[in-house]
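Step one of this worksheet: look at the structure below.
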Amino acid sequence: MKQVLMGDHAVARAVQLARAEVISAYPITPQTLIVEELSEICARGELDARFIKVESEHSALACCMGASMAGARTFTATSSQGLLLMHEIMHWSAGARTPIVMVNVNRAIAPPWNLWSDQTDSLSQRDTSWLQFYCENNQEVLDTVIMAFRIAERIFLPVMIVLDAFILSHTSEVVDIPDRKDVDAFLPPFKPLLKLDVDEPHSFGSITGPAEYQQIKKMRHEDMMDAIRVIKETDDEFEKIFGRRHGPVSAYRCENAELVLVTTGAMSGTTRIAIDRLREKGMPVGALKIRLFRPFPAEEIASSIGGAPKIAVIDRNLSVGAGGIFAQEIKASLYGKATRPAVFGLVGGLGGGDFTPDAIEDIAKRLLGAQAPEADVIWEEL
Amino acid sequence: MAMDAKQLAEMKKVYSRPECLKDTIYHFCPGCNHGNVTRMVAEAIDEFGIKGRTIGVAGVGCCVFLYNYIDVDVMEAPHGRACAVATGINRVHPEKIVFTYQGDGDLAAIGLAETVHTANRGENITVIFVNNTVYGMTGGQMAPTTLLGQKSTTSPYGREFMGDGYPIKMAEMLATLEGAAFVARVACDTPKNLMQAKKAIKKAFKMQIDKMGFSFVEVLSACPTNWGMNPLDAYKRVDREMTPYFPLGIFKERTTADYL
């Protein structure tokens with residue numbers, strides 16, 4: 001069934017279809033529509049979930065962790081400052097191997113106050129052992145939330161799904177909503193590997209020495225790396241039932257490209273418009289969308305770039321003192337390759353600046369003529 | 001009846017914009033009491049002549065634009081952290097007058113811990129707490145102060161104590177702490193209550209000026225937008241529904257700084 005949905009409401013519908021059992025959240029713009037909608041859905045009896053209103057995001061995620069350890073499928077949503085407040089529990093819930101699914105609506109971090117799109121909030125969580133997906137449109141948002149529960153519950157690590165503030169969260173698009181029975185077939189009920197159960201007693205989170213500690217961290221890393229395989233399998237299964245797949249990365253017209261523009265989130269669709277226009281003019285440019293950030297799809301990125309001598313990574317985020325975060329990670333992942341492209345690290349759109357097709361076309365035209373990056377960070381004023 | 005020039009010249013100005021209230025348009029919705037509270041704080045600062053040594057700390061929510069209205073230095077605090085930020089400022093500048101301006105979603109929820117501990121330490125600051133029983137800025141979600149049965153966007157059939165708990169009575173809670181010097185609850189729904197509110201806000205600043213310790217004024221306010229009411233009905237709701245649960249009055253008033 002096709003419906004016109006805002007990104008936030010697409011999330012709520014996906015969580016409903018996934019039959020989340022515990023939802024705990026705290027209001028923050030521009031996420032609030034998600035929990036308001038879920039609150040309505042629960043109140044109408046259309047989702048049999050405990051909706052727990054807590055006093056902060058820190059408690060929201062801690063509450064989800066407790067519920068997950070007790071054996072329930074759990075969901076939360078937040079943005080920006082709220083995500084930062086969750087940081088401690090993000091490490092803890094991943095360490096506890098609780099398969100929580102969270103949606104973060106990317107919003108700039110204060111100060112100064114700003115409500116608009118900026119990825120620095122979620123990318124600041126890169127070392128918390130959470131999987132991270134960046135979505136391009138509302139269909140991908142809905143699909144990824146459903147897939148996330150399945151992935152999380154197979155590898156026992158939590159998953160964050162990220163969408164752009166307002167550009168997706170509050171913008172209406174046509175979304176194909178799957179049938180409930182199909183989702184039930186794709187996503188069976190949550191079966192915890194371990195849980196708090198007085199009939200089968202366990203304690204969790206106890207103290208360890210260095211050897212066990214490192215071993216546990218190593219296992220978590222290996223499981224995270226293995227998640228790429230699980231993500232691909234999940235994509236295959238999803239495609240079989242629903243006819244759509246999204247992939248860790250997706251390349252667009254990269255064949256014989258001199259320059260590949262690398263993007264994430266909502267600007268990826270805009271970039272393809274610019275690429276089509278440039279290709280019509282005979283310019284050798286392509287685009288690569290990165291959907292998965294953790295685990296980092298290094299091999300998929302390297303093979304998608306192909307032989308392009310130059311790539312330009314457009315970062316709507318900033319690690320102050322280092323530069324755009326996707327650019328850093330891509331540079332590091334390409335370093336060991338025998339042939340590698342020149343990487344232009346572009347930073348722009350912080351706090352919501354709009355990358356229009358014209359702006360992206362201008363970037364491509366400029367960089368097609370450039371030999372090497374003139375600086376580590378190339379600032380884009382939009 | 002038109003006045004002539006002589007009559008006009010003889011008129012005395014008895015009411016005007018406080019000196020430290022900026023000549024700008026409030027962003028608040030029609031009927032919101034934030035405007036009254038902001039003005040009363042500005043009047044108190046003027047009346048004590050402390051504008052040059054007052055620092056405000058704004059919470060997150062509808063109170064966030066404090067810096068646009070009161071002409072003193074203002075520090076924005078992360079959500080809930082105003083009392084902790086104010087503590088830091090006050091410890092460095094004990095001779096300054098430091099106040100926070102916070103709503104219920106900020107102070108009574110995400111910022112409950114630091115509010116209680118700031119009061120318990122007896123920090124010499126003033127807290128102005130605007131309680132309108134909802135998260136206003138984010139669009140009317142259930143707050144810790146939401147009344148039982150009150151509908152909000154996250155309690156569409158009304159707040160129930162099973163699962164959602166009871167509305168928190170901040171003034172009563174803080175009054176139990178030894179460190180609190182002055183704790184009062186006032187309302188903005190009638191001219192009489194506004195005059196009482198002004199007295200309490202002045203008293204709170206006076207306690208700080210006299211180094212008596214933590215002073216706290218909870219102001220019951222209307223949020224017509226998120227309550228789905230016109231302003232007059234919203235003021236009636238303050239009287240009929242809020243004050244019976246959140247009684248007005250002074251809950252604690254220390255008379256000497258050395259309370260033991």
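Proteins come first, then strands; the chains are lettered A, B, ... in the order of their sequence lines, and each starts at number 1.
In B:Arg91, the CZ atom is not crowded: 12 or fewer heavy atoms of neighbouring residues, nucleotides or ligands sit closer than 6.0 Å. Around atom NZ of B:Lys96, more than 12 heavy atoms belonging to other residues, nucleotides or ligands sit under 6.0 Å away. Within a 6.0 Å sphere centred on CD of A:Gln3, heavy atoms belonging to other residues, nucleotides or ligands number more than 12. Environment of CZ in B:Arg121: crowded, with over 12 heavy atoms of neighbouring residues, nucleotides or ligands closer than 6.0 Å.
Residues of residues 37-64 of chain A having a heavy atom under 4.5 Å from any heavy atom of chain B, listed by number: A:Ser39, A:Glu40, A:Ala43, A:Arg44, A:Phe51, A:Lys53, A:Glu55, A:Ser56, A:Glu57. Interface residues of residues 128-142 of chain B toward chain A, defined by a heavy-atom distance below 4.5 Å and sorted by number: B:Tyr135, B:Thr138, B:Gly139, B:Gln141, B:Met142.
A:Thr29 touches chain B through backbone and side chain together, each having a heavy atom under 4.5 Å away. At a 4.5 Å heavy-atom cutoff, B:Ser152 makes no contact with chain A through either its backbone or its side chain. For B:Arg81, the part lying near chain A is the side chain, with the backbone staying farther off; criterion is any non-hydrogen pair under 4.5 Å. For chain A, no part of B:Ala113 is nearby; none of its heavy atoms comes within less than 4.5 Å.
For the atom pair CD1 of A:Ile28 and CD1 of B:Ile110, the computed distance is 7.5 Å after rounding to the nearest 0.5 Å.
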